[in-house]
Amino acid sequence: MIEIFSWPTPNGHKIHIMLEECGLPYRVHPVNIGAGDQFKPDFLKISPNNKIPAMTDPQGPEGKPISLFESGAILLYLAAKTGRFLPQSDHQKYEVLQWLMFQMGSIGPMLGQAHHFRTYAPEKLEYAINRYTNEAKRLYGVMDRQLGKNPYIAGSQYTIADIAIFPWLRSWQNQGIDWADYPHLKAWFDKIAQRPAVMRGVQVLADLRRPITGDKEREILFGATQYQKR
């Protein structure tokens with residue numbers, strides 16, 4: 001059985017959704033990032049960057065166990081393992097991969113910063129809020145134009161690119177987004193949200209997550225604890 005070490009964040013939900021879509025048996029282990037579980041030695045053995053999610057598969061390539069961190073790498077691994085949600089032809093595969101990289105390099109980091117400075121930063125820094133809110137709007141526009149031409153992010157098929165992007169858009173309000181400005185993206189979002197596997201995936205560990213309100217949680221997530229030598 002695949003073991004997933006995760007928390008109900010967008011990056012965690014990517015993998016929860018993928019596992020549900022593929023019908024793979026898995027066991028999920030909560031890693032409470034607000035309590036500092038991501039810095040525990042056992043977790044760092046499989047996720048040296050102290051980020052969720054991480055995964056171990058006792059039946060990896062050539063039948064040997066494998067451990068992986070980074071959600072994009074895990075999506076690619078699961079797609080290869082099951083032969084699902086990543087086209088076999090090189091042309092289509094690279095079209096999907098470019099949008100997966102778009103999520104990893106732009107959607108995650110930039111929407112995460114918008115969310116942080118609009119919601120969590122102790123000071124309301126107008127420059128940072130405007131910079132990342134405007135970038136969020138730009139990225140939503142990129143996706144809206146793409147989905148004006150295609151039913152899914154990377155073309156005609158539902159793929160790991162859709163699975164990677166969808167969870168990041170669930171916090172659209174905290175990113176300063178008005179859905180009325182992005183009708184094609186909103187239609188795609190609603191379509192993905194109605195998939196049974198997606199509905200199951202976003203509920204994984206969801207009952208454990210609480211709003212970040214305490215100073216201790218803020219320090220663990222955003223303060224000096226992140227930068228301690230380990």
Side-chain angles (χ1 to χ4, degrees), residues 4-17 28-40 43-44 47-54 69-72 74 102-143 163-182 185-186 189 192-193 198 201-230:
I4 295 294
F5 303 83
S6 189
W7 196 242
T9 69
N11 283 333
H13 283 323
K14 291 181 202 175
I15 307 308
H16 309 158
I17 291 169
V28 63
H29 304 270
V31 179
N32 187 337
I33 59 175
D37 290 354
Q38 67 271 36
F39 305 118
K40 292 180 178 179
F43 182 68
L44 290 174
S47 183
N49 194 33
N50 62 257
K51 304 295 183 183
I52 63 94
F69 67 100
E70 284 293 337
S71 57
I74 297 172
F102 169 78
Q103 188 281 306
M104 301 297 295
S106 294
I107 293 296
M110 295 298 104
L111 299 191
Q113 293 288 4
H115 196 145
H116 176 81
F117 284 106
R118 293 175 60 90
T119 305
Y120 295 129
E123 301 176 57
K124 295 300 181 184
L125 303 174
E126 183 178 0
Y127 175 83
I129 291 171
N130 289 340
R131 171 177 168 76
Y132 290 111
T133 300
N134 287 335
E135 180 63 1
K137 291 177 179 179
R138 187 188 74 81
L139 293 170
Y140 272 67
V142 171
M143 292 183 286
I163 292 170
I165 289 171
F166 171 79
W168 280 98
L169 309 194
R170 297 177 70 227
S171 296
W172 56 274
Q173 289 175 306
N174 291 330
Q175 298 155 8
I177 294 299
D178 183 348
W179 272 131
D181 296 330
Y182 312 100
L185 183 58
K186 180 60 164 62
F189 180 86
I192 302 300
V198 173
V202 298
Q203 289 304 311
V204 175
L205 301 178
D207 60 329
L208 298 181
R209 189 171 185 181
R210 301 288 183 273
I212 299 169
T213 56
D215 290 340
K216 182 178 180 180
E217 283 183 310
R218 287 177 180 273
E219 199 287 323
I220 288 171
L221 288 168
F222 312 127
T225 298
Q226 285 281 341
Y227 310 113
Q228 292 175 5
K229 185 176 181 180
R230 293 178 173 85

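Residue indices begin at 1 and follow the sequence shown.
- The backbone N or O of Trp168 lies less than 3.5 Å from a partner atom in the side chain of Gln175, making a donor-acceptor pair.
- Of all non-hydrogen atoms in Ser71 and Asn11, the two that sit nearest each other are OG-OD1, 3.6 Å.
- Expressed to the nearest 0.5 Å, how far CD1 of Ile107 lies from CZ of Phe102 amounts to 4.0 Å.
- Asp178 places a side-chain N or O within donor-acceptor distance of the main-chain N or O of Ala180, the cut-off being under 3.5 Å.
- To the nearest 0.5 angstrom, Lys51 atom NZ is 15.5 Å from Trp7 atom CH2.
- The heavy-atom pair separating Gly12 from Pro53 by the smallest distance is N-CD, 4.2 Å.
- Of all heavy-atom pairs spanning Val204 and His13, the tightest one is O-CE1, 3.5 Å.
- With Thr119 contributing its side chain and His115 its backbone, the two residues share a donor-acceptor pair below 3.5 Å.
- Atoms CD and OH, from Gln113 and Tyr120 in turn, are 13.0 Å apart once rounded to the nearest 0.5 Å.
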- request: Evaluate the side chain to side chain contact (heavy atoms under 4.5 Å, CB included) criterion for residues Thr9 and Arg209: first the C-alpha distance (whole Å), next the side-chain angles of each, then the deciding distance (0.1 Å), finally the verdict.
  value: CA-CA 9 Å; Thr9 69; Arg209 189 171 185 181; 4.2 Å; yes
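- Counting all heavy atoms, side chain and backbone alike, Ala114 lies closest to Thr133 at CB-N, 4.3 Å.
- Between Lys14 atom NZ and Ile163 atom CD1 the span is 11.0 Å, to the nearest 0.5 Å.
- The aromatic rings of Tyr132 and Phe117 lie parallel to each other, with less than 30° between the two planes, well short of the 60° mark.
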task: Please assess Phe39 against Ile220 for the test side chain to side chain contact (heavy atoms under 4.5 Å, CB included), listing each intermediate value before the final yes or no.
output: CA-CA 10 Å; Phe39 305 118; Ile220 288 171; 3.9 Å; yes
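- From Leu169, atom CG reaches atom CG of Leu185 across 5.5 Å, with rounding to the nearest 0.5 Å.
- Of the candidates Phe189, Trp179, Trp172, Tyr140 forms a ring pair (Phe, Tyr, Trp, His ring centres under 6.0 Å) with just one, namely Trp179.
- When side chains are defined from C-beta on, Met104 counts as touching Glu70, because their heavy atoms get closer than 4.5 Å.
- Of all the heavy atoms in Pro10 and Pro167, the pair that sits closest is O-CB, 3.6 Å.
- Ile33 places none of its side-chain heavy atoms less than 4.5 Å from the side chain of Asn50.
- The backbone N or O of Thr225 sits less than 3.5 Å from a side-chain atom of Glu219, completing a donor-acceptor pair.
- Lys137 and Asn134 share no donor-acceptor pair across their side chains, judged by distance under 3.5 Å alone.
- Between Gln38 and Leu44, the shortest heavy-atom contact is O-CD2, 3.6 Å.
- Of the possible polar contacts, one joining the Asp37 side chain to the Asn32 backbone as a donor-acceptor pair under 3.5 Å is found.
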Residue pair Ile165, Met143: steps toward the side chain to side chain contact (heavy atoms under 4.5 Å, CB included) verdict: CA-CA 10 Å; Ile165 289 171; Met143 292 183 286; 3.6 Å; yes
- request: Just do the side chain to side chain contact (heavy atoms under 4.5 Å, CB included) check on Glu135 and Ser106 with the steps written out, would you?
  value: CA-CA 9 Å; Glu135 180 63 1; Ser106 294; 5.5 Å; no
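- At most 12 heavy atoms of other shown residues, nucleotides or ligands fall within 6.0 angstrom of atom CD in Glu126.
- Atoms CZ and CD1, on Phe166 and Ile17 in that order, are 6.0 Å from each other to the nearest 0.5 Å.
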